[in-house]
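Before any comments, here is the structure.
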Amino acid sequence: MESTGAGAGAVLVPFREFVVKVHSRCDLACDHCYIYEHADQSWRQRPAVIPAAVVERFAERLAEHARAHALASVTVILLGGEPLLAGPARLRRLCEALTRALDGVAGLDLRIHTNGLRLNESVLALFAEYGVGVGVSLDGDRAANDRHRRYANGRSSHSRVLAAIGLLGEDRHRPLYQGLLCTIDVRNDPAAVLDALLALAPPRIDFLLPHATWEAPPPRPDGSPDAYARWLLRLFDHWDGLGRPVPVRLFDSLLSTLRGGPSLTESLGLTPTDLVVVETDGTLEQADSLKTAHEGAAATGFDVFRHAFDEVAAHPGIQARQLGLAGVSAECRACPVVRSCGGGLYAHRYRAGNGFDNPSVYCADLKALVEGVEQRTARASVAAEATEPAALAAAQQELTRVLLVRLNAELEGRGDVDWRRSWELVTAVEAEAPDALDAVLDHPYTRTWLLAALDAVRQGGPPRVPPGHRLSALAAAAVVRGGLELPALVAHGGGGLYLPTLGLLRADRGRAEVRAAAEGFSVRGEGGGVRTFGPGGEAADWQPVRVLAAGGAGAGAPPASLALEDLDPDRGCFALPPAPRLDATGAGRWERRLAEAWELLHGTVPAPARETAAGLTTLTPLAGAAVGAGATGEDARRGPGALGVPLGAGVRETALALLTGRRRARLRELTEVADLYASDGEWLHPSPWQEEPVPVSRLLADVHAAVAAEAFRRAGGGPGGEPGGPGGIERALDRLDGAAELTVSGKAVVAALRREFASEI
């Protein structure tokens with residue numbers, strides 16, 4: 001796997017999360033605390049309490065930063081030490097200063113993280129006044145919590161913390177309750193820890209690995225390199241068995257990335273961080289966790305008095321946290337789980353000699369954890385569209401309707417009379433004959449028009465055809481198909497009026513009224529003349545969409561309702577240009593060639609042939625004779641069911657175009673409604689079919705078509721064997737098996753391809 005991320009130019013990412021140290025001392029003596037017990041001891045030289053001058057200057061800098069970057073909101077987390085040691089008066093001044101500074105500038109999400117010992121009614125009243133969310137640290141039941149979270153004299157803190165959380169959980173205070181944070185100790189029973197935390201009804205639980213580096217590795221009582229993974233997987237099983245009663249950020253993040261979504265925590269995934277720390281003396285530092293690495297690891301040399309936040313954001317240490325894939329070690333970039341684990345927490349990668357350019361000290365744990373969660377959830381996490389044709393069809397149908405609704409929203413209030421009138425007619429047709437409307441909306445090139453119109457409207461340019469004109473034609477076609485007694489007023493620009501799925505009417509520029517009739521439909525022009533047409537009968541001023549003959553009931557018959565679409569003005573969505581309207585002789589010749597191609601497919605590869613025919617509704621002849629990905633255009637913007645086939649191709653080439661083109665089209669349709677991969681293009685992969693490495697999307701599309709083409713060749717279909725042969729397909733499948741970009745749904749598709757390929761050989 002090659003990465004394209006390394007060496008990418010740095011981009012200034014504004015801070016959206018600000019950690020403020022309001023008190024640098026603590027009333028507990030937790031032996032796993034990274035501030036007091038780890039490498040960086042800079043807290044000793046800082047004031048115990050944040051001074052008023054720092055508070056005011058920070059508030060000014062925060063508003064300045066939010067205004068400069070037009071941030072909708074910022075998050076400020078009050079931390080320590082123990083922040084409640086600052087006392088209610090200082091906390092009030094801080095809340096007031098931040099609220100005042102951001103008034104009219106940005107929303108303020110204000111939070112505090114505390115050990116809970118000083119949480120009481122008066123403090124909670126203050127927090128309610130300013131909307132301060134409260135998170136509490138607790139490591140589980142009494143036995144688990146007392147391993148580390150004790151007073152300096154060794155006395156337990158557990159009872160007082162439970163009392164505080166009980167107060168926070170009361171109905172009057174519960175809106176402030178944000179959750180519990182638990183640091184893992186593998187000596188504790190994970191089920192007992194979870195049960196103890198769940199008993200406190202938290203809205204969320206965060207589980208943290210104890211901070212460690214390669215210089216100071218985490219404790220592993222049994223010496224196992226994956227002890228933390230095994231502990232967390234036992235916890236996951238218990239959480240899952242209980243029905244996942246509350247969100248657990250660590251697990252939710254893994255489930256998100258495995259499905260192709262973003263990371264939900266700084267400690268996992270490749271999402272850039274956007275956090276800065278304000279110390280009690282006003283110095284600005286990187287994430288606090290770096291204090292576990294070495295003295296000064298979090299330092300930037302900046303402070304709120306002399307420096308704007310943009311200066312801090314440009315610091316090399318901050319920038320290193322923004323690089324995503326390029327910011328992890330070479331070993332991590334080649335790992336198939338890196339998109340989920342992200343190389344682990346940055347601080348946990350530290351080793352003297354090469355700094356943070358290493359995998360996490362928890363590398364073995366993270367890999368085992370990601371793979372364990374994936375194994376446990378893969379079956380339920382695979383998108384239904386990837387395995388169920390009916391689900392894919394329904395999702396595609398819904399996608400077209402969503403696009404139409406979006407276009408209507410974009411055009412709302414723009415004064416397009418034709419659009420408004422046609423939208424009302426579409427609504428009426430949907431109420432009276434939904435199947436007729438479905439047939440027109442499901443026409444593949446309706447999607448092509450919708451996407452082009454949305455692009456044009458959003459970019460401020462004029463669409464090729466006014467949206468109201470095309471929608472009026474669409475509505476009229478639905479009226480005719482439904483046999484409805486509704487007048488459909490259509491607008492057109494002259495040269496022809498195309499009624500989707502029906503045909504092309506020669507007409508002058510202007511408006512006309514279309515009505516359904518027993519023998520077809522009638523058109524009344526602006527001059528008052530009425531013409532009547534039968535949808536299937538060709539005339540001098542009417543060219544219907546041809547429907548290819550079913551070819552009888554034989555095994556080699558094409559789909560019974562296959563349209564030969566050589567009229568739709570939006571059919572030019574393939575890499576090759578569309579052929580012009582075929583005359584009767586040309587259409588008959590092409591139809592015979594297609595029938596022979598279907599016979600060849602069914603006679604050589606019957607199962608793939610049936611798969612090719614399933615859902616295929618529309619064939620468009622393309623200019624030229626080329627066959628392949630470029631000809632059929634797997635990236636074409638169209639709805640499901642359409643395929644472009646080169647007009648000049650022979651029977652065997654046409655059969656191959658139908659087979660591989662449909663495979664590519666179905667994969668494209670799947671990727672439009674299901675996440676098969678994420679971070680496409682971040683890595684490049686060697687391909688048996690391309691000279692240069694390709695992104696995972698191209699490799700998957702190529703091997704998807706190659707498996708069918710190889711089956712065609714092996715069955716005696718003639719041309720179809722892809723360059724590289726079976727060995728190339730095997731190498732491509734192996735490459736995909738190790739691709740970090742694939743989601744669980746993508747892996748299911750690859751597994752199905754491998755089974756299909758194995759059955760061929």
Provide the closest heavy-atom pair for [X] versus [Y] in the form atom of the first, atom of the second, distance.
{"X": "A475", "Y": "V426", "value": "CB-CG2, 3.8 Å"}
{"X": "Q396", "Y": "P640", "value": "OE1-CD, 3.3 Å"}
{"X": "L643", "Y": "F574", "value": "C-CZ, 3.9 Å"}
{"X": "A715", "Y": "V605", "value": "CB-CG1, 4.1 Å"}
{"X": "A478", "Y": "V429", "value": "CB-CG1, 3.8 Å"}
{"X": "E513", "Y": "R515", "value": "OE1-NE, 2.9 Å"}

Side-chain donor or acceptor of [X] paired with backbone N/O of [Y] under 3.5 Å:
{"X": "S256", "Y": "P262", "answer": "yes"}
{"X": "T448", "Y": "R637", "answer": "yes"}
{"X": "S422", "Y": "A473", "answer": "no"}
{"X": "R481", "Y": "L502", "answer": "no"}
{"X": "D680", "Y": "S697", "answer": "yes"}
{"X": "T618", "Y": "A642", "answer": "no"}
{"X": "S73", "Y": "L108", "answer": "no"}
{"X": "E672", "Y": "A674", "answer": "no"}
{"X": "R698", "Y": "Q690", "answer": "no"}
{"X": "S472", "Y": "A491", "answer": "yes"}

Tell me, do [X] and [Y] make a side-chain contact under 4.5 Å, heavy atoms counted?
{"X": "F521", "Y": "V479", "answer": "no"}
{"X": "H685", "Y": "E741", "answer": "yes"}
{"X": "L564", "Y": "L619", "answer": "no"}
{"X": "V440", "Y": "L499", "answer": "no"}
{"X": "L258", "Y": "S381", "answer": "no"}
{"X": "L676", "Y": "V696", "answer": "no"}
{"X": "H602", "Y": "R610", "answer": "yes"}
{"X": "H469", "Y": "D418", "answer": "yes"}

Item to complete: Classify the ring geometry between H443 and Y498 as parallel (under 30°), tilted (30 to 60°) or perpendicular (over 60°).
Response: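 Aromatic pair H443/Y498 classed tilted.
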Worksheet entry | Geometric class of the W419/W423 ring pair [parallel <30°, tilted 30-60°, perpendicular >60°] |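 Rings of W423 and W419: parallel, as their planes differ by under 30°.
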Kindly compute the distance separating [atom1] ([X]) from [atom2] ([Y]), expressed to the nearest 0.5 Å.
{"X": "T743", "Y": "R339", "atom1": "OG1", "atom2": "CZ", "result": "7.0 Å"}
{"X": "L399", "Y": "Q397", "atom1": "CG", "atom2": "CD", "result": "11.0 Å"}
{"X": "E398", "Y": "L403", "atom1": "CD", "atom2": "CG", "result": "10.0 Å"}
{"X": "H704", "Y": "L753", "atom1": "NE2", "atom2": "CG", "result": "5.0 Å"}
{"X": "R531", "Y": "R524", "atom1": "CZ", "atom2": "CZ", "result": "12.5 Å"}
{"X": "L425", "Y": "L489", "atom1": "CG", "atom2": "CG", "result": "9.5 Å"}

Item to complete: Would you sort out whether L562 and L616 count as a side-chain contact (heavy atoms from CB on, under 4.5 Å), showing the intermediate values?
Response: CA-CA 7 Å; L562 192 59; L616 183 61; 3.7 Å; yes
Is it true that [X] and [Y] make a salt bridge, defined as a side-chain N closer than 4.0 Å to a carboxylate O?
{"X": "E410", "Y": "R406", "answer": "no"}
{"X": "E669", "Y": "R447", "answer": "no"}
{"X": "D416", "Y": "R421", "answer": "no"}
{"X": "D568", "Y": "R470", "answer": "yes"}

Fill in: Candidate list R663, R666, R662, test salt bridge (charged side-chain N to carboxylate O under 4.0 Å, His left out), partner E611, passing option
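The option that passes is R663.
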Discussion item. Could you go through V523 and V514, starting from their C-alpha distance and side-chain angles, then the distance that decides it, and tell me whether this counts as side-chain contact (heavy atoms from CB on, under 4.5 Å)?
Written reply: CA-CA 5 Å; V523 179; V514 174; 4.2 Å; yes
Practice prompt. Kindly check if the number of other-residue, nucleotide or ligand heavy atoms within 6.0 Å of CD (E430) is above 12?
Written response: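 Counting other residues, nucleotides and ligands, CD of E430 stays at 12 neighbours or fewer.
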Practice prompt. Might you work through the side-chain contact (heavy atoms from CB on, under 4.5 Å) test for D442 and T501, ending with a clear yes or no?
Written response: CA-CA 10 Å; D442 291 341; T501 74; over 6 Å; no
Practice prompt. Mind checking salt bridge (Lys or Arg N to Asp or Glu O under 4.0 Å) for R581 and listing every partner two or more places apart, or none if nothing turns up?
Written response: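 Residues passing salt bridge (Lys or Arg N to Asp or Glu O under 4.0 Å) with R581: E538, D566.
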Discussion item. Walk me through whether E692 and L684 qualify under side-chain contact (heavy atoms from CB on, under 4.5 Å).
Written reply: CA-CA 9 Å; E692 299 293 331; L684 294 178; over 6 Å; no
